[in-house]
Amino acid sequence: MRSLVPWGLLLMLAACQPGGGRPAIAPATLPIDLPAVAADAAPAGEFNTVDVEYSFGRMTVSDELTGDSYETDIHGYIRYPENTDGPFPVLLFQHGRHQTCETGIGQLPVPVGDDNCPDLAPIISPANSYRGYDYLVENLASHGYAVISIDTNDINDNDGSAGSSDTGALARAELILAHLDAFRDINAQGGAGFDQLAGKLDFRRVGIMGHSRGGEGVNKTIRVNATREHPHNIHAVFALAPTDYNSQAVEGVVFATLLPYCDGDVEDLMGSFAYDHARYADTRDPWPKFQILAMGANHNYFNTVWTSDDWEIHGTPTDSHCGQQSLSNGRDSEAGQRALGQFFMASFFRYFIGQEDEFAAYWHGLSQVPASACPDGAAPCEDRYHLSIQPAAADRLVIDSTETADSVNHNALGLAVTFDGFADFGHCSIDGRSGEGCTVAEPTFAAASQIYLQWTGPAIYRSNLGGLNAAAYDVLSLRVGLALGDGANAEGQDFDLVLIDRAGKEAVVHAADLGTALFDPPGDTFASGGSEKTTLNGIQAPLSLFEGVNLGALEALELRFGSPPAGTIQLTDLMLRKLAR
């Protein structure tokens, strides 16, 4: 893979005017210039690939909650470049909980137990979920990666439900590590029918992806792997629409989670809990964390075997945003959803595992997705995806994490916070699963404590900085969500981000010019089968936009409200961050 080199294009921030009117911000100069549009991960690579199915026998896996154990196959397939020396970076994918056996018409589940499904197509067939990511596996292999996709159906037959088991989290982690163990041994000495791979697998930086309960499985893998005598060098984890029944914090790796707004299976967007748990779990963590909200995606369509629209498990087919019977719906097609999944997952692994520097731009949070990730290939589509970034510990200076109720008095620097002119403000802690706890917006799907601000006229939130030297930082960031039920939010929102230096000079940037995070949550009422819910999404403001202030001596950060004249927002994670070099 390539080594890191500087980027040579300019960043262009596109304007967003929920209330209309303002022109786009001019191009910003950053220490590292970034392209306006991220590199496209869709084109196939230069390598022909080979696909080999394997079976390495059986193993015993465990349930952490019940103490029970059972057997599962160690079965899957690997795709890698053909007639090429390598070494190939190693990726492993794990699917989630789908039926093991199903009818050919309607995909109705057929209970058989322990993955013993007869192949009587088209009447009854095995549901080979591990083959559902072939589109992504083949693309990555063509770019020089060895990709393993594992069969987890035996665990699906045994993993129980939340409350009565650990929902298969430990078993999935044990199975992942068994597959990695087998291929690490193959790389060392061949065998198991894979002599051709001896010395060709690069285990220095391993990436793993899990979907649904597989997402919780990969998260659990990090903790289990850390306890082993000979752990794997797992460096990057992508949790795709994951569950989080066991409230796991992913530490010590690059972590990303993708939340489908129209998820009808994990409708409470539990990946947001995993992201929130990971943010400050280890205050020395040297690796960044990411959350992507995909506005048109459901739970299933990332896997080509899971062809039903899961939205209707939770929601109504007529929901104004997610219901496919609604003429106003904002849904992605099956092909479109796989295209967006391919961009996020492929670019993530090609940057953080393969060190292909052209994919850095999106993960810095300052470039748009390419056209291939947009509905019908029509770019730009910045309103379709919302990225939050928790930088590595060394790359951030937290102004306020809003973790405690004292956030309404003092920031993380120990300096005063003041609220002037608000109709209401306060601190709230969310009960993630139900989304309750912040009465201005229920449900809010997050596990982050936050503050809320309601204004009906000019109002100022001020966080004192005490002469802070911010010269080493590149971006001011925060996470925001628009509260439900406030009609003033219906057209979106805006506020001013203001930096004030010790000499009293100030610079103003309009939040709505920095992206589309300030959107009114679409859909009908969640409690009645709709999709409307508040999520917290990132706003990234390059410090180079704050012209005329002395970044070496900042006295205060202010958020100024009043245009639009009223509204309610929730916010957390105000910080300065460096762009990772």
Side-chain angles (χ1 to χ4, degrees), residues 41-42 49 51-55 72-79 91-110 115 117 119 121-122 124-142 145-157 159 168 172 175-176 179 207-218 238-243 257-258 260 262-266 271 294 297-311 313 332-346 348-349:
T49 66
D51 173 329
V52 182
E53 191 105 0
Y54 63 84
S55 183
T72 178
D73 292 328
I74 309 174
H75 169 241
Y77 77 100
I78 181 170
R79 183 178 283 275
L91 306 176
L92 182 146
F93 295 171
Q94 183 181 69
H95 64 83
R97 193 173 199 255
H98 190 69
Q99 57 258 27
T100 295
C101 190
E102 61 192 15
T103 63
I105 299 175
Q107 284 193 311
L108 299 174
V110 178
D115 199 12
C117 183
D119 193 350
I124 296 174
S125 300
N128 293 324
S129 298
Y130 71 105
R131 284 286 182 180
Y133 312 104
D134 283 354
Y135 64 97
L136 178 59
V137 170
E138 184 166 3
N139 176 276
L140 284 163
S142 76
Y145 295 78
V147 190
I148 304 160
S149 188
I150 71 174
D151 179 357
T152 317
N153 274 352
D154 282 342
I155 293 174
N156 286 347
D157 289 331
D159 60 0
R172 290 174 181 276
L175 183 59
I176 286 170
H179 284 264
I208 56 177
M209 183 280 285
H211 183 187
S212 192
R213 290 203 192 188
E216 188 160 3
V218 295
F238 197 107
L240 177 63
T243 59
T257 185
L258 189 149
C262 295
D263 195 322
D265 192 354
V266 186
N298 73 353
H299 189 80
N300 282 355
Y301 289 169
F302 297 107
N303 188 303
T304 59
V305 175
W306 302 3
T307 59
S308 62
D309 181 12
D310 58 90
W311 166 250
I313 298 173
D332 294 308
S333 66
E334 291 186 50
Q337 186 164 323
R338 289 193 291 275
L340 74 89
Q342 180 164 292
F343 168 72
F344 289 113
M345 289 183 279
F348 177 79
F349 287 122

Measuring from [X]:[atom1] to [Y]:[atom2], what's the distance to the nearest 0.5 Å?
{"X": "Ile148", "Y": "Leu92", "atom1": "CD1", "atom2": "CG", "result": "5.0 Å"}
{"X": "Phe343", "Y": "Phe348", "atom1": "CZ", "atom2": "CZ", "result": "12.5 Å"}
{"X": "Arg338", "Y": "Asp332", "atom1": "CZ", "atom2": "CG", "result": "11.5 Å"}
{"X": "Gln337", "Y": "Cys262", "atom1": "CD", "atom2": "SG", "result": "9.0 Å"}

Are the side chains of [X] and [Y] in touch, meaning some heavy atoms are under 4.5 Å apart?
{"X": "Leu340", "Y": "Leu258", "result": "yes"}
{"X": "Val147", "Y": "Phe93", "result": "yes"}
{"X": "Val266", "Y": "Pro242", "result": "no"}
{"X": "Phe238", "Y": "Val218", "result": "no"}
{"X": "Leu240", "Y": "Met345", "result": "yes"}
{"X": "Leu175", "Y": "Thr152", "result": "yes"}
{"X": "Ile208", "Y": "Leu91", "result": "no"}
{"X": "Asn128", "Y": "Tyr130", "result": "yes"}

Quiz item: What heavy-atom pair brings Ile124 and Cys117 nearest, and what distance separates the two atoms?
Solution: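 Distance-wise, the nearest heavy atoms are CG2-SG, 4.0 Å.
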
Quiz prompt | Residue pair Phe302 / Pro260: nearest heavy atoms and the distance that separates them | solution =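 Residues Phe302 and Pro260, closest heavy atoms: CE1-CG, 4.2 Å.
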
Just by modelled atom types, is the [Y] backbone N or O under 3.5 Å from a matching donor or acceptor in the [X] side chain?
{"X": "Asn139", "Y": "Gln342", "answer": "no"}
{"X": "Thr257", "Y": "Ala239", "answer": "yes"}
{"X": "Tyr54", "Y": "Ile74", "answer": "no"}
{"X": "Asp151", "Y": "His75", "answer": "no"}
{"X": "Ser333", "Y": "Gly336", "answer": "yes"}
{"X": "Asn153", "Y": "Ala127", "answer": "yes"}
{"X": "Asn298", "Y": "Asp263", "answer": "no"}
{"X": "Thr49", "Y": "Arg79", "answer": "no"}

Quiz item: Got a sec, which residues hit ring-ring contact (aromatic ring centres under 6.0 Å, His included) with Tyr301, two or more places apart in sequence or on another chain?
Solution: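 Tyr301 satisfies ring-ring contact (aromatic ring centres under 6.0 Å, His included) with no other residue.
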
Decide whether [X] and [Y] meet the rule of one side-chain donor and one side-chain acceptor closer than 3.5 Å.
{"X": "His179", "Y": "Gln94", "result": "no"}
{"X": "Gln99", "Y": "Glu102", "result": "yes"}
{"X": "Tyr77", "Y": "Asp134", "result": "yes"}

Quiz prompt | Audit row: Ser55, Asp73, side-chain hydrogen bond (donor to acceptor under 3.5 Å, both in side chains) steps and yes/no | solution = CA-CA 7 Å; Ser55 183; Asp73 292 328; 5.7 Å; no

Quiz item: Can you name the residues that form a salt bridge (charged side-chain N to carboxylate O under 4.0 Å, His left out) with Glu138, not counting sequence neighbours?
Solution: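 Glu138: no salt bridge (charged side-chain N to carboxylate O under 4.0 Å, His left out) contacts found.
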
Quiz item: Should Thr100 and Asp157 be marked as a side-chain hydrogen bond (donor to acceptor under 3.5 Å, both in side chains) after you check the CA-CA gap, both sets of side-chain angles, and the distance that decides it?
Solution: CA-CA 7 Å; Thr100 295; Asp157 289 331; 2.8 Å; yes

Practice problem: List the steps and the verdict of side-chain hydrogen bond (donor to acceptor under 3.5 Å, both in side chains) for Ser212 and His299. | Solution: CA-CA 8 Å; Ser212 192; His299 189 80; 2.8 Å; yes

Quiz item: Would you say the ring centroid of Trp306 lies under 6.0 angstrom from that of His211?
Solution: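 Yes.
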
Quiz prompt | Basic-acidic side-chain contact under 4.0 Å: Glu216, Arg97 | solution =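 Not counted as a salt bridge, because no side-chain N and carboxylate O are separated by less than 4.0 Å.
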
